[in-house]
Amino acid sequence: MKKFLSALLAGMLIMCTSVTAFGATANDVKKQMTTAVQYLYGEKESFSAEEAKDFYLYLTSGSDAAHYKEAWCDSVTKAVEQGTLSGIGNIALVIYDTIMLGMNPYDFNGINLVEIFSETPLNESDSPYTDMYAADIAFAFELDELGRKICSRLAEKYTIGKGTDFWGGYGTSPDDLSVFIIALSNYADDYTEYLEDAFKLLKTFNTEEGYDNYGPNANSTAYALAAAVCAGDKNTADDAYNKLIRFYNKETGGFIGSYDDIISTQDAVFGLGYYLSFAEEDEPAGKPETDVSTTEIPPEEDTTKTETAPETTTEKELSENNGKPAKSPATGAPAAAFSVIAMLAAGSVMIFAKKTRD
């Protein structure tokens, strides 16, 4: 089967001028994410521990978070001290945010967030939409028993040929199928039949206007975009991206929603964050444009350090500091097997990583 992949923290170093290409260039995607988070959070004074997902979306865009960092860290520390940091998905998002801020989740102001995450029980009230973040973090930190438990409880709500039933009789949807694919792609070898079936079903919701869930909409299209990246299917991802940007509102910088532009914009940022790993590399100004639709996608370069990039903290360093085995950096084309790496997002430098270990 085609190897199912997923971006742990999608992104790359944005250095060059955008050019027209099939799908989009990284710089194109980055600009859309930047305007979207400004639309969402441009006037926001601070983020709390309970708003870890919102902060995740903000950080994923690569926007400067220096003015948010201290208050957010204080909020997380207070939540831990008061015992209010709860929900395995939200704790996973807190760890995501910690890494993107360049901090060590094993020693966050003296707090071992990874240990808290590993000891958090799974509850019936946990949502599949936060389980996918928890599966990411469990995989990234080699908490495989926990990661497989998370994926297994999602698989228990899946019927081959019919799809997901997360909500007790309401059936499947492109959004739910996408969440299912994103979460289980962490342990793809264990769920080959499920993933192939889910991706096949997801494609049946694709229309000329976007992915259809009570009508074509940005939300479903954004989730399908992320799922296509996790499936390693660039053609499907490019198609979903081109349909998603039809919902882009140039006046607001956000994305038009069927019911709520805020939610559709949040989902769009989520999907675009994954797509960054598939977007074409930006070419230096003056370099002739190539027909990327007929050329093979080159291997991704390790952009985690450059001569001008700030010092970063890798998961290897985090692991060595805590007696855990180091992981190799992510290299190679999307169809290859990737080792997980967690890198800091600082300034315009973003993280590029894949979830699949060798």
Side-chain angles (χ1 to χ4, degrees), residues 1-10 88-89 92 95-96 114 117-118 122 126 128-166 172 176-203 223-237 274-275 277-278 297 299-300 315-316 319 324-342 351-358:
M1 60 166 287
K2 179 179 289 185
K3 187 74 174 178
F4 278 82
L5 303 171
S6 172
L8 169 63
L9 295 169
I88 197 162
I95 293 175
Y96 255 122
V114 178
F117 171 80
S118 69
L122 302 183
D126 295 334
Y129 282 72
T130 57
D131 270 357
M132 65 180 176
Y133 300 110
D136 285 356
I137 295 302
F139 180 91
F141 290 93
E142 298 187 323
L143 301 169
D144 293 333
E145 182 178 356
L146 174 59
R148 287 189 170 92
K149 284 182 179 179
I150 294 168
C151 292
S152 292
R153 71 172 177 176
L154 294 176
E156 289 172 358
K157 297 180 180 179
Y158 191 96
T159 301
I160 298 296
K162 294 184 179 180
T164 56
D165 184 13
F166 291 156
T172 197
D176 291 353
L177 287 167
S178 297
V179 166
F180 183 82
I181 292 167
I182 294 165
L184 269 65
S185 64
N186 288 286
Y187 299 95
D189 291 341
D190 295 344
Y191 299 100
T192 300
E193 183 181 9
Y194 285 97
L195 288 168
E196 289 182 338
D197 188 72
F199 199 55
K200 180 180 178 181
L201 289 174
L202 177 60
K203 289 183 176 181
Y223 271 100
L225 171 57
V229 174
C230 293
D233 190 331
K234 188 177 188 304
N235 289 335
T236 300
Y274 276 78
Y275 186 64
S277 64
F278 269 11
I297 304 301
E300 299 288 355
E315 184 177 341
K316 178 177 183 294
S319 299
K324 292 184 175 290
K327 300 182 176 66
S328 302
T331 57
F338 289 88
S339 296
V340 76
I341 182 174
I351 311 152
F352 178 76
K354 294 289 183 178
K355 293 195 299 191
T356 306
R357 294 194 294 261
D358 290 332

Are the side chains of L225 and Y274 in touch, meaning some heavy atoms are under 4.5 Å apart? no
Table please: side-chain donor-acceptor pairs of residues 153-161 below 3.5 Å, with sequence neighbours left out.
| from | atom 1 | to | atom 2 | distance (Å) |
| --- | --- | --- | --- | --- |
| R153 | NE | D131 | OD2 | 3.0 |
| R153 | NH1 | N123 | O | 3.0 |
| R153 | NH2 | D126 | OD2 | 2.8 |
| R153 | NH2 | D131 | OD1 | 2.8 |
| R153 | NH2 | D131 | OD2 | 3.2 |
| Y158 | OH | D197 | OD2 | 2.7 |
| Y158 | OH | A198 | N | 3.0 |

ring-ring contact (aromatic ring centres under 6.0 Å, His included) assessment of Y129 paired with Y223: CA-CA 11 Å; Y129 282 72; Y223 271 100; 5.6 Å; yes
With T172 via side chain to side chain contact (heavy atoms under 4.5 Å, CB included) - residues at least two apart: T164, L177, F205
For A134, check side chain to side chain contact (heavy atoms under 4.5 Å, CB included) against everything at least two apart and list the hits. I88, A92, F117, I150
One should read off an interatomic distance between L195 CG and S185 OG, to the nearest 0.5 angstrom, of 7.0 Å
Is there a side chain to side chain contact (heavy atoms under 4.5 Å, CB included) between D144 and Y187? Walk through the geometry before answering. CA-CA 9 Å; D144 293 333; Y187 299 95; 2.8 Å; yes
Taking the side chain as C-beta and beyond, is there a heavy-atom pair between L122 and L146 under 4.5 Å? yes
Closest heavy-atom contact between A183 and A135? O-CB, 3.9 Å
Taken in chain and number order and not counting sequence neighbours, the residues that satisfy ring pair (Phe, Tyr, Trp, His ring centres under 6.0 Å) with Y191 are none
Which atom names give the shortest non-hydrogen contact between A226 and I182, and what distance separates them? CB-CD1, 3.7 Å
Would you please name every residue forming a salt bridge (charged side-chain N to carboxylate O under 4.0 Å, His left out) with D190, sequence neighbours left out? R148
List the atom of A227, the atom of F199, and the distance in Å for their closest heavy-atom pair. O-CE1, 4.2 Å
If you measure from OG on S118 to CD on E142, what distance do you get to the nearest 0.5 Å? 13.5 Å
Those residues that, when tested against K162, pass salt bridge (charged side-chain N to carboxylate O under 4.0 Å, His left out) (two or more places apart): none
